[in-house]
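Labels below follow one simple rule: chain letters A, B, ... track the order of the sequence lines, proteins then strands, and each chain is numbered from 1.
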Amino acid sequence: MRITCPFCGERELGEFTYLGDAKPVRPAPGASQDEVYDYVYLRDNVAGAMEENWYHGGGCRAWLRVTRNTLTHEISSVEPAAGAGARQVVK
Amino acid sequence: MTSSQSNRLDTGGLIDRSQPLNFRFDGKTFSGFQGDTLASALVANGVKLVGRSFKYHRPRGILTAGSEEPNALVELRTGARREPNTKATTAELYEGLDAASQNRWPSLAFDVMSVNQLFAPIFVAGFYYKTFMWPAKFWEAIYEPAIRRAAGLGRAAGVADPDHYDKAWAHCDVLIAGSGPSGLAAAVAAGRTGARVILCEEDFALGGRLLSDGGTIDGMPAADWLSRTQAELAAMPDVRIMTRTTLFGVYDGGTYGAVERINDHLPSPPEHQVRQRLWRIVAKRCVVAAGALERPIVFAGNDTPGVMMASAMRTYIARYAAAPARRVALFTNNEDGWRTVGAALGAGLQVAAVIDARAEISAEHRSLASKGGFPVLHGSVSGIDGGKNGVRKISVSLTGGARAEVEADGLAVSGGWNPAVGLTSYHRGRPKWRDDIAAFVPDGAPPGMVAAGAANGAFGLGACLREGFAAGAAAARDAGHGSGSGATPVADDEAFSLAPLWHVAGKGKAFVDQQHDVTASDIELAQREGFESVEHLKRYTTLGMATDQGKTSNVAGLAIMAAVNGKSIPETGTTIYRPPYVPVAIGAFAGHHRDENFHATRLTPSHHWAAEQGAIFVDTGLWKRAQWYPRTGEKDWLESVTREVKAVRGGVGFCDVSTLGKIDVHGADAGAFLDRVYINTFSNLAVGKARYGLMLREDGIVYDDGTTSRLAEDHYFLTTTTAKAGLVMQHLEFCRQVLFPELDVQLTSVSDQWAQFSIAGPRTRDLLKEIVDPSEDLSNEGFPFMGAREVALRGGIRARLFRISFSGEMAFEISVPARYGEAMARNLMIAGKPFGVTPYGTEALGVMRIEKGHVAGPELSGTTTAADLGLGKMMSTKKDFIGRVMAGREALVAADRQVVVGIKPIDKARRLRSGAHIIPKGETPGPDNDQGYVTSVCFSPTSDQWIGLALVERGRERIGEIVHAHDPLRGEDYDVEICNPVFYDPDGGRQRG
């Protein structure tokens, strides 16, 4: 499999680490134990396009949001995580 | 030369008669020529019997001339390079080649195990499943070893492979598998556009069937077209031709696996060269021109030496000028098989008869028969009279019911052709059936791939050239290259006519899968027993599961299953195709990653100095760390470690701790960020101070720990454990980029940038004063416990100095740029000489941390909570942090959790060992009263006895209780007392001093 990193270009699978489903959002402070439990443990078992977190540890260390078809491994989109890349310095 | 190459034809062939080669087979010396394979050289020497079969030990000969060979498998080479199951049909001949037949004892001609044939009725499908079921304990002790002795194919070398293997990447626009007419046409069409082309050919010569069957292309003999095309391709700078290279697998995203046998054709690789190279090829487009495999017809005795695929017989005659027989018969159900008659007659061989299963044959062939003076029998071969010395007589069932016999010493068989659909089917693609050619062809292919020519069911030479050329041009265009392919090579298409025939009923064993000895009746039996699905059929009979992956047998097998099921072949379907297309040596997959290069080796900055000191190193992850520094006269490691600990506690010592992960955390929100990833608070840490921090996973379990210092308002320096350095960096980047993108914080891994040393012991300050610039205040007031700041060293180097202690002694850790690490170690030795400075290794480090009750890897085991480690109070209640909520789950705060305590043996002379179970005293050990286990132990020089840390149920409430340590693994049982885990200086006065 090959992933096109928005910072580095097309790279092979070995440079990346898979984390999993990118959909769950970390609950805000003060969330109930049940909400956090769902965030930590509940995952959809997707057969088809799925958004996933991948880490380009063998390259720029960016976390990427990759849309991958779990049936065909086709990758339809690769977006940097919200905080990936250099942060613009606000004067 | 002891043999005269009795079956070598006087002229012709693509062998170099000026280069004779001597070789040995089963100890006997023969000769062949450069350009021979082992199989063709054996054919040229009249050798028919080359092996014994897997199950019945039946005599077997050479069936094919390619990588689909099921029978002619040999042990090639001797000693450490001995390689079993090597196909004689693809092994290139070299001077001194030494091969041995397999699966026979004591000799190929007289094989004791061939008595298995007498017991053949019991060696049917599912024999092992049915016979060796009871009693169960007999399996490992008796059945399996006996079966393994009797079965198997060849012997592994049994010693390490002395050769090297390599791995490499290649990138191209168009990848082409196969260099027959289709592949060459594709390469020319793509190459002329300027596309980057890689062409992989399994053989050592380009041409595919052109090398055996010839023909006319663009009005010239195929051989001339071949050399012209090779010259044209060789002149193209962006076309790479890789011979001896098999494309074996197709992976996601246009990645392909190929194995290049660089030096397999030599006795051993030249010095400094690898034997094989594993290629991962990334291609925008791929043209599969892998051709087709001729398929057998299954009939009784079809495994007799001398029965050979018709196309293979042509190959031996035309390409290798070697006659497989003197008097040849042909059994065919199709037009193409007749080519072998032409080849045999052309080489001056006798043709005994043609047995053609079709009702009609062409006038052209009829006149060939009358000119050649041989009969054409309409019917099928129903039996073979022959044995280990080959075919003698062929029984024929004529259409209409009469019988005939043909005397011949070789039988060519053609049941038609199966396109090589492996590569196109490796993404779970299922080929589709074409009635007109009675064969499976690719039904689509993985993205970017297309099949052309015979691999796509186009069997005529003209069609192969047209399809290959068109596919090559289209692939180049799709990969972004324009026109310029030029004209399509032109050739006539041969007539095609085939009457499907898979199996001829007859008396005697009729083999479908010759490598695994699966017969037609095995398939019928499997069907009767309910194994009707092809996937069940395969596993029950082992059809197609040998190293040839059923290249000559699968389609015939499922055709027979279809017939007994009363279904059509497409209804019956195929099994799933899986790579690799040919066996690939594990060594090729491993490449250079073996032995000491199995993984990368990381050396600490002071490694070379430590090696000079005679340090014993231990592997910790990728690192080599000094474990202890033995001195002359010390009898064992314990004596050295004890000396090191005493030297630190009584004077001063130092230890390279550079392996810790080090991360610079910068930004206005650095403190806020650390507050969210650690259970304790860092935003309120004063500049110039360090603090111990603990991280949880989001599920509430402890993840990692370390000391983090604040070097400036917006700059923290964070350390991790050695083991988790990379993972913590990944985790923190996840937190920063995904969870908390709103924070102004940046992370920089500086693990390799800093050499860090722990300097510990009451005389630490005396030593440091010799290293650090005199202007720096190292007094307790000027640099108190948990202080952290940049200092100047004598000579001007800037260093980071941290007053932290893992040993419990007055201690500092000092960081210098990594390139000064070795110099630092040497300087500490020189400057510390008056104070008896002692380098210590990870063992002494571990002893001192256990004496201090500090937790480490064995306690941070992925099952423990902060409270289990006695660090529950560090969990802030005033902020959110990773793992906070889940750490509050009922089971993680239960009162009966196993928590860290100290243990010491009641018998002070007893040695403790990690892993012993903790059981209430006086009870019989069992799963119900297992209350924990010993995690870390050491001999404590300070306590003068063995001590340990343990995870024990309700341990903190049980200080002073005597419990039982039960160690069934080592057969040890003894009592220990639960105690406070801090054995040494419990109030911490020494580290603050």
Checklist entry - Around atom CG of Leu42(A), are there more than 12 heavy atoms of other residues, nucleotides or ligands at under 6.0 Å? => result yes
Honestly, the part of Ser32(A) sitting under 4.5 Å from a heavy atom of chain B is backbone
Here the gap from Thr72(A) atom OG1 to Arg428(B) atom CZ, rounded to the nearest 0.5 Å, amounts to 13.5 Å
Ranked by heavy-atom pairs below 4.5 Å to chain A, first place among Lys879(B), Met729(B), Arg280(B) goes to Met729(B)
So, the part of Phe881(B) with a heavy atom under 4.5 Å from chain A: the answer is backbone
Between the CD atom in Gln33(A) and the CD atom in Glu890(B), the distance rounded to the nearest 0.5 Å is 9.0 Å
To the nearest 0.5 Å, atom CE of Met1(A) lies from atom OG1 of Thr255(B) at 10.0 Å
Honestly, the part of Tyr251(B) sitting under 4.5 Å from a heavy atom of chain A is neither
Applying a strict 4.5 Å limit to non-hydrogen atoms, the region of Ala28(A) in contact with chain B is neither
If one checks every heavy atom of Ile75(A) against chain B at 4.5 Å, the contacting part turns out to be neither
Whatever's closer than 4.5 Å to a heavy atom in chain B on Glu12(A) counts as side chain
The interface call for Tyr37(A) against chain B, heavy-atom contacts under 4.5 Å, is both
Honestly, the part of Arg889(B) sitting under 4.5 Å from a heavy atom of chain A is both
Under 4.5 Å to a heavy atom of chain A? For His731(B) that would be neither
When rounded to the nearest 0.5 Å, the distance separating CZ of Phe734(B) from CG of Asn53(A) is 4.5 Å
For side chain to side chain contact (heavy atoms under 4.5 Å, CB included), just list the numbers for Arg26(A) and Ile882(B), CA-CA rounded to whole Å, side-chain angles, deciding distance to a tenth of an Å, and then say yes or no.
CA-CA 10 Å; Arg26(A) 188 170 191 272; Ile882(B) 302 278; 3.9 Å; yes
Okay, Glu35(A) and chain B: the region with an atom under 4.5 Å from a heavy atom over there is neither
Indicate yes or no: at least one non-hydrogen side-chain atom of Pro447(B) is less than 4.5 angstrom from one of Glu74(A). no
If one checks every heavy atom of Val36(A) against chain B at 4.5 Å, the contacting part turns out to be both
Note: Glu698(B) and Val40(A) closest approach over all heavy atoms is CG-CG2, 3.6 Å
Is it the case that the side chain of Gln737(B) and the backbone of Ala81(A) share a donor-acceptor pair, with hydrogens and angles ignored and the cut-off at 3.5 Å?
no
OH of Tyr41(A) to CE of Met886(B), rounded to nearest 0.5 Å, is 7.0 Å
